[in-house]
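First the structure, in the form of structure tokens, and then the observations on it.
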Amino acid sequence: MRGVLLPGGSRAELREFSDPVAGPGQVVVAIKASSICGSDVRAIYREHLGKGPEGYIDGTIGGHEPCGQVESVGPGVTSVRPGDRVAVYHIAGCGLCRDCRSGFMISCSSPQRAAYGWQRDGGHADLLLAEERTLLPLPEPLTYEDGALVACGFGTAWQGILRAGVSGRDRVLVTGLGPVGLATLMLSMASGAEVIGVDIRPERRTFARELGAAAVFDPEEALEGVRAVTRGSGVEVAIDCSAAASARQLCLVSARRWGRVVFVGEGGEVTFAPSATLIHHQLSLLGSWVTGLGEMEDLLGFLARKDLHPDRIVTDRFGLDQTGEAYQAFDEGRTAGKVVVIP
Ligand SMILES: [Zn+2]
Ligand SMILES: [Zn+2]
């Protein structure tokens, strides 16, 4: 089979590998879509900067947002069979610790924990060797691209919304309208909320408006804009998906008293005065990292019931042999939405 390595130095290398064979509890998945995440570019593609859970082991096939069809199953596998369409939770935890038992394999601290595309082979390939416990059925009418986007980005957005308890009673500010921000926008709207979007890039603001944002603003005019749209009260919920210090501060000052603020965007730093900003405003500030298996299963069901398709935010598609171009286009900001590699 073919697979793509990410050796650093903004390169992607297509190589031949022997086809994986499923051992006990394992499943071989024929990859139908494998999307690129901001973290792939930030921590692997440019240089191998990631540490710990974001550490990339040299020689690992990249891609942690895979989706496909079961090709073969190993001994003891009972939940899926060849031909099934499956979504993949992108980290295989030990399966036995407190975090794994709650479905948050992202937080597993066992040495056995391995994320697809980071510490074990990922989805930029014809075939993926997966653990059965990381697979979820992909319900109709969702597409393989929908499933790939749920593996990390939409799952992460969904969890942020769950943490904030977003409902139809809320106005939600989303800062950073990259793929996770657009996912937050779509899922908040589908939950009944009204969404205000903020991004520095005009094409992203346009995209957010097309997806149904009630208002979109450039960061410069955002605070005034939020005040005008909310008639001075501020938003019930603010979710940062940008990691920019100014956007995190904007979230804190845009939330109304007793509002909920969630930080989802990774990296960077932020400074704010706790008394004036957080305490006197009675805010809840939450950090949210990826999602859990049960929550991801709920998200797949939610999307299927609503006939809501994450692939709506896919703007660029590349073949496996064009994975290098796919990364380059994404890294250079030539893509407004999500970039998907299709073997
Ligand atoms: Zn990711
Ligand atoms: Zn574990």
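First listed ligand is number 1; within each ligand, the first listed atom is number 1. The chain is numbered in sequence order, starting from 1.
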Can you get from M1 to Y116 by hopping between Ile, Leu, Val, Met, Phe, Trp and Tyr side chains that sit under 4.5 Å apart?
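Each belongs to a different hydrophobic cluster.
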Same apolar cluster: V314 and V150, side chain cutoff 4.5 Å:
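V314 clusters together with V150.
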About how large, to 10 degrees, is the angle SG of C108, then the Zn ion (ligand 2), then SG of C94?
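If I round to 10°, I get 110°.
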Once rounded to 10 degrees, what value does the angle at the Zn ion (ligand 2) take between SG (C97) and SG (C100)?
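The two atoms form an angle at the metal of about 110°.
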To check your reading of the site, what angle at the Zn ion (ligand 1) do NE2 of H64 and SG of C37 form, to 10°?
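Taking the Zn ion (ligand 1) as the apex, I get 110° for this pair.
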What class does the angle between the rings of H64 and W118 fall in, given that below 30° is parallel, 30 to 60° is tilted and above 60° is perpendicular?
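Rings of H64 and W118: tilted, as their planes differ by 30° to 60°.
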Sidechain-backbone polar pair: D121 side chain, I61 backbone, donor-acceptor under 3.5 Å
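Yes, the answer is positive, given that a donor and an acceptor are paired below the 3.5 Å cut-off.
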Of all the atoms in H90, is at least one N, O or S atom closer to the Zn ion (ligand 1) than 2.8 Å?
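No, H90 does not qualify, because none of its backbone or side-chain N, O or S atoms lies under 2.8 Å.
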